[in-house]
Engineer: 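Below are the structure tokens for one structure; questions will follow.
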Amino acid sequence: MAVAERNGSSIVIISRNCLFSLFLISTIFLLFSCFSVLRSTGFHHFVDTSSLTKSKPLTVIDNSRNNLQEEKEIIQKKDDAKCSKDNKLLLKVYMYDLSPEFHFGLLNWKPEGDSVWPDIKTNIPSYPGGLNLQHSIEYWLTLDLLASEVYAKREACSVIRVHNSSEADAIFVPFFSSLSYNRFSKRHPNEKKSQNKVLQEKLVKFVTSQEEWKRSGGKDHIVMAHHPNSLLDARMQLWPAMFILSDFGRYPSNVANLEKDVIAPYKHVIKSYANDASEFDSRPILLYFQGAIYRKDGGFARQELFYLLKDEKDVHFTFGSVQKNGIREASRGMHSSKFCLNIAGDTPSSNRLFDAIASHCVPVIISDEIELPYEDILDYSEFCIFVRTSDAVKEKFLINLIRSIKKEEWTRMHDRLKEIEHLFKFHYPSREGDAVQMIWQAITRKIPSIRRKIHKSRRFSRTVTHEEKELRSLSLPRNLW
Ligand SMILES: *[C@@H]1O[C@H](CO)[C@@H](O)[C@H](O)[C@H]1NC(C)=O
């Protein structure tokens with residue numbers, strides 16, 4: 001009896017416990033979901049929603065209806081104060097007035113008077129054509145910054161140049177490093193060092209001695225190095241800065257990484273496919289690839305794939321780089337293909353992906369280390385096929401996969417390509433939602449984490465030891481200390 005009684009009361013206690021835990025768990029869930037909603041609405045402060053409203057909205061991380069009102073208000077506010085300095089949503093950028101030898105001087109522009117910048121109302125120095133253009137990001141961003149002061153009513157404004165660096169969100173280093181690499185990396189017989197090396201040395205000396213650099217340790221600086229071989233020397237000193245890169249292929253992960261850096265698209269060299277009325281059945285080539293055959297590192301997959309695909313009758317696979325008159329031929333080829341291959345070469349990325357997008361040819365990406373522009377707000381799986389290299393080199397794997405994608409699915413991806421292609425186009429003047437705007441917005445999304453890092457680094461600034469100072473002045477990545 002006593003035993004039964006005891007059991008009875010313990011059952012009551014157990015069920016009370018159960019009820020209490022249930023209550024506790026549901027409360028936690030409720031709090032958690034409130035928190036998530038708050039967080040997702042906060043996110044929109046750092047995304048320029050205006051570029052996302054054209055045609056079908058991009059798949060933004062959060063699509064909940066609660067944000068619509070806020071989005072509208074943001075767009076409204078933006079229209080009111082469109083490109084003015086009072087617009088709190090604009091990225092405010094301070095640009096160093098570097099000597100022209102670092103930027104437009106590399107385009108043979110000569111300064112008149114004492115300004116180091118061209119008067120863009122009357123004269124826009126032009127950029128050399130051909131393959132140089134794929135890395136011309138430095139040129140378009142700099143022009144857009146200059147334009148932000150001249151044209152109050154720009155069609156698109158994600159950024160504005162300010163002259164007081166204390167008011168800036170970021171500090172822009174206008175060195176055209178890719179052009180410097182393309183043009184001046186060969187050492188002339190009477191020179192000790194190439195001009196490209198000399199410029200990098202000068203740049204490091206200048207930038208690291210500036211008040212702005214010392215204030216943040218360089219963390220809020222924007223340094224462009226889109227060509228994988230550009231800035232090879234200076235990057236070891238300028239690594240605390242945010243780099244604008246094409247990929248991380250040639251970088252140690254402590255010098256460049258997704259957390260602090262921004263991946264920008266290549267400028268495509270293939271002709272855009274205007275008024276594309278093509279369909280699945282009107283594009284005769286199933287799969288298209290043109291590129292160099294043998295690449296040093298990581299490019300072995302190209303050769304493997306060539307042997308796997310060379311006997312498929314509707315596959316176009318040729319070796320050779322897309323040079324001058326090759327461009328017209330490659331344009332025609334990509335415009336007539338359903339799928340376009342992007343295989344890692346000696347770097348994980350290449351402009352072929354952006355050529356494929358401009359051709360509305362569904363990209364098939366075989367590059368395990370590739371990083372993609374604006375992937376935090378853009379879902380590439382909607383218009384690209386990704387295949388792991390280890391799978392792609394299996395007998396028949398790739399061709400079976402491609403052949404299994406039927407008209408309906410291909411058409412959906414093709415339509416999506418036409419919707420998003422403008423995100424990868426560079427213009428001057430820049431247009432709403434083009435690559436120039438998208439890159440500034442990607443930079444804007446990094447600003448809160450930069451601020452956090454800067455603030456955190458100041459925690460113990462009163463008690464910095466002599467040793468720490470010494471280490472910092474060596475400017476080595478933290479895990480090399
Ligand atoms: C620059 O901005 C800071 C912060 O807003 C301000 O204190 C300072 O007076 C400004 N400097 C000049 C020269 O206007």
Side-chain angles (χ1 to χ4, degrees), residues 42 44-48 73-74 76-100 102-104 111-121 141-154 156-175 203-224 238 240-242 244 260 262 436-437 439-464 469 472:
H44 282 268
H45 288 290
F46 296 103
V47 180
D48 178 358
E73 279 166 22
I74 290 174
Q76 185 64 43
K77 253 191 240 152
K78 220 186 140 167
D79 280 342
D80 290 348
K82 194 144 182 182
C83 301
S84 97
K85 224 166 91 172
D86 306 323
N87 186 340
K88 294 228 173 355
L89 295 162
L90 284 190
L91 178 68
K92 292 181 185 59
V93 169
Y94 174 83
M95 175 159 69
Y96 286 128
D97 287 320
L98 288 183
S99 142
F102 290 101
H103 45 87
F104 290 101
E112 286 164 23
D114 47 9
S115 172
V116 298
W117 301 109
D119 177 3
I120 57 166
K121 277 183 289 190
L141 292 185
T142 308
L143 275 183
D144 194 44
L145 266 184
L146 292 175
S148 75
E149 288 193 294
V150 180
Y151 305 109
K153 286 200 182 291
R154 287 181 292 159
C157 44
S158 300
V159 72
I160 192 156
R161 182 182 177 197
V162 296
H163 287 271
N164 180 342
S165 64
S166 309
E167 292 170 358
D169 300 308
I171 313 290
F172 188 76
V173 181
F175 175 38
L203 182 78
V204 168
K205 211 164 153 198
F206 173 86
V207 170
T208 55
S209 65
Q210 298 305 300
E211 216 25 67
E212 286 78 15
W213 180 274
K214 289 178 186 159
R215 216 153 52 196
S216 68
K219 295 182 187 70
D220 58 356
H221 281 48
I222 302 169
V223 174
M224 299 168 290
L238 300 182
M242 176 199 296
I244 313 285
K260 75 175 183 71
V262 166
V436 176
Q437 301 302 311
I439 294 169
W440 288 127
Q441 289 164 26
I443 293 171
T444 306
R445 292 193 291 277
K446 301 271 187 203
I447 298 296
S449 85
I450 291 176
R451 289 220 183 95
R452 179 177 354 101
K453 270 197 283 181
I454 294 175
H455 293 164
K456 213 167 167 178
S457 72
R458 288 182 186 155
R459 282 182 183 181
F460 300 106
S461 53
R462 278 169 205 283
T463 55
V464 181
K469 269 191 190 151
R472 267 178 216 179

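Just so you know, ligand 1 is whichever comes first in the structure, and atom 1 is the first atom listed for that ligand.
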Engineer: Going by the rule salt bridge (charged side-chain N to carboxylate O under 4.0 Å, His left out), which residues pair with Asp144 if we only count those two or more places apart in sequence or in a different chain?
Structural biologist: Arg154
Engineer: Spell out, as yes or no, whether a donor-acceptor pair under 3.5 Å connects the side chain of Gln210 to the backbone of Phe206.
Structural biologist: yes
Engineer: Applying side chain to side chain donor-acceptor pair (under 3.5 Å), can you list everything that pairs with Asn164, at least two apart in sequence or on another chain?
Structural biologist: Ser166
Engineer: If we ignore hydrogens and angles and just use 3.5 Å, is the side chain of His221 paired with the main-chain N or O of Val173 as donor and acceptor?
Structural biologist: no
Engineer: Give me the pairs of N or O atoms, one from ligand 1 and one from the protein, that sit under 3.5 Å apart.
Structural biologist:
residue, atom, partner, partner atom, Å
ligand 1, 2 (O), Asn164, OD1, 3.4
ligand 1, 2 (O), Asn164, ND2, 2.3
ligand 1, 11 (N), Asn164, ND2, 2.8

Engineer: In chain order, what residues pass the salt bridge (charged side-chain N to carboxylate O under 4.0 Å, His left out) check against Asp97, with sequence neighbours excluded?
Structural biologist: Arg161
Engineer: First locate atom CD1 of Ile454, then atom CD1 of Ile447, and finally report the distance between them rounded to the nearest 0.5 Å.
Structural biologist: 8.5 Å
